[in-house]
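For clarity, every value in this text was computed on a predicted model and none was experimentally measured.
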Amino acid sequence: MKRRSFLKSAAALAAAPALTPLARAAAQSVPAIYPATPHRFSENFIWGTATASYQVEGAVHEDGRGPSIWDTFSHTPGKTYQGQTGDIADDFYHRYHEDIASMKQLGVGGFRFSIAWPRVFPEGTGTPNPRGLDFYKRLVDALREANIEPFCTLFHWDLPQALQDKYGGWTSRATAQAFADYVHYTVGQLSDRISHWMTINEFGSYIDLGYGIGVFAPGLKLPRKEWMQTRHNAVYAHGLAVQAARAAATRPIQVGLAEDMTGVMPAIEDDAHIRAAEIGLREENAWHVTAIFEGRYTDHYLQSLGPDAPVFTPEEMKVISTPIDFLGINIYTTQEAVPSDAAPGYRMVPRPASYPHMASDWIFFNPQAVYWTPKLTSTLWNVKTIYITENGCSSDDVLHTDAQHPEGFVLDSGRVMYLRNYLTQLQRGVGEGVPVHGYFLWSLLDNYEWASGYSKRFGITYVDFETQKRTPKLSYDFYRQIIRTNSLA
Ligand code: FCB
């Protein structure tokens with residue numbers, strides 16, 4: 001549309017007799033260069049932003065919401081940066097209209113958010129709380145009004161505390177069943193307005209960090225055998241939830257998940273290294289994405305765990321591998337692989353201490369993450385629809401003011417550099433036909449970064465957590481331009 005009107009005005013210019021031949025040639029060359037850029041995305045590519053309930057909503061005591069394990073954890077002394085909590089966060093619960101208006105300005109076509117389970121079932125199970133659900137109805141209606149497609153995650157880590165107390169959270173299959181019940185109810189209520197659903201966000205984070213290493217809620221350091229069983233329960237819960245969502249939907253829906261896959265790329269781009277990366281990607285993601293697509297844990301995964309391997313039945317593996325409609329990949333970094341003579345045939349290259357990273361020390365700068373992981377994923381398992389459900393970085397952003405900008409501005413050039421390089425690699429992939437259909441930037445707003453509290457800013461919008469004032473950063477303008485032109489200049 002934009003392109004067509006551009007060409008039309010160029011034609012009008014060319015016809016104007018007052019122009020010198022040089023000026024006419026210059027005017028004609030402008031549209032010729034711009035549409036010819038090879039860095040375009042497809043017309044229906046979805047550009048979006050992403051958030052999660054506990055990180056942005058606040059309003060933790062409002063409208064009947066029950067406590068989650070993150071309320072408990074963040075209020076436990078010594079667990080989070082300076083004891084910070086998500087009690088208020090971005091106050092998105094009350095300010096979502098303002099944030100949707102900002103997204104409209106930005107031009108996004110999609111918004112990824114999550115539903116707080118304890119708003120819908122304050123006790124995790126039992127009687128639903130209609131006031132909690134109403135918030136999401138209002139939110140989704142406002143998104144639709146703004147022409148923004150909602151992409152909804154059903155679990156982004158805020159497990160009802162009641163289920164932790166009663167069942168030990170994800171250590172028990174009872175929580176998996178409770179999750180399926182919550183999903184059945186919620187999708188039944190909201191599938192009239194939401195088509196895209198993700199069951200669970202990042203098994204690899206909330207299970208390993210929450211139940212194995214203890215730095216995320218609920219802060220447990222389980223013995224390895226129990227930890228591995230907890231992993232199994234979580235992927236089993238995903239499978240049950242896919243089935244529950246499909247059974248409850250009142251019209252056709254798309255169901256997937258969002259996983260922070262361990263990114264693996266060939267250290268050198270030749271056949272042997274690419275093969276090593278392929279084997280590596282399968283093994284490094286063995287207990288979730290591989291199990292979901294293949295219906296089995298790899299031999300190498302089970303053997304490496306020895307007596308700590310999870311106990312499971314063939315029936316459970318069938319549930320886990322219930323077909324999904326799309327895979328959401330959260331990706332911030334990747335690691336290089338080289339071939340190895342030892343089974344299973346690859347070795348991950350350890351990163352030297354000088355390997356560059358962004359403000360969060362786990363976000364190693366490697367733009368090829370968004371090229372190789374989706375590409376190898378699509379070929380390994382013949383995945384037809386992939387979304388990048390999270391990508392972005394933290395940065396030590398500072399709000400400046402000057403005479404021209406008394407309202408303040410943030411020049412987050414490091415984030416712009418990160419995004420430009422990652423998106424260039426994403427475009428390389430989609431240009432080759434890798435089936436990535438959309439990209440959700442993490443995050444719309446600076447927000448509560450889990451155990452790091454408010455110390456790590458990930459937003460393309462700066463948030464003053466005292467006043468809740470929002471200030472779009474340079475990266476916001478950068479992203480808006482990409483969305484507007486649907487390309488990288
Ligand atoms: C991902 C989480 C998301 C956010 C980003 C920075 O692992 O899914 O909630 O914390 O990291």
### Under the side chain to side chain contact (heavy atoms under 4.5 Å, CB included) test, residues paired with Q189 that sit two or more places apart
L133, K137, Y185
### Task
Classify the side-chain pair W197/Q254 by whether it contains a donor and acceptor separated by less than 3.5 Å.
no
### Query
Is the centre of the F45 ring less than 6.0 Å from the centre of the W47 ring?
yes
#### Entry: Audit row: Q468, R470, side chain to side chain donor-acceptor pair (under 3.5 Å) steps and yes/no
CA-CA 6 Å; Q468 291 296 338; R470 275 85 160 128; 2.8 Å; yes
Please list, one pair per line, the donor and acceptor atoms closer than 3.5 Å that link side chains of residues 210-219 to other protein atoms, with sequence neighbours excluded.
| unit_1 | atom_1 | unit_2 | atom_2 | d |
| --- | --- | --- | --- | --- |
| Y211 | OH | Q164 | OE1 | 2.9 |
| Y211 | OH | W170 | N | 3.2 |

### Message
Taking the ring of F135 and the ring of Y96, is the distance between their centroids below 6.0 Å?
### Response
yes
### Task
Kindly write out the residues that satisfy salt bridge (charged side-chain N to carboxylate O under 4.0 Å, His left out) with E226, not counting sequence neighbours, or none if the list is empty.
none
### Query
Ignoring hydrogens and geometry, is there a side-chain-to-backbone donor-acceptor pair from T298 to Y301 under 3.5 Å?
yes
### Message
Tell me if the aromatic rings of Y387 and Y439 count as close, with their centers under 6.0 Å from one another.
### Response
no
### Test of ring centre spacing under 6.0 Å for F440 and F111
no
### Query
For the rings on F312 and Y236, is their centre-to-centre separation under 6.0 Å?
no
### Query
Is the gap between the ring centers of Y332 and F364 under 6.0 Å?
no
### Message
Which residues pass the ring-ring contact (aromatic ring centres under 6.0 Å, His included) test with Y81, not counting sequence neighbours?
### Response
none
### Task
Classify the side-chain pair H288/E202 by whether it contains a donor and acceptor separated by less than 3.5 Å.
no
### Close side-chain approach of T80 and Y448, heavy atoms under 4.5 Å
yes
### Query
Who pairs with E466 by salt bridge (charged side-chain N to carboxylate O under 4.0 Å, His left out), at least two apart in sequence or on another chain?
none
### Query
Considering residues at least two apart in sequence or located in another chain, which fulfil the salt bridge (charged side-chain N to carboxylate O under 4.0 Å, His left out) criterion with K375?
E432
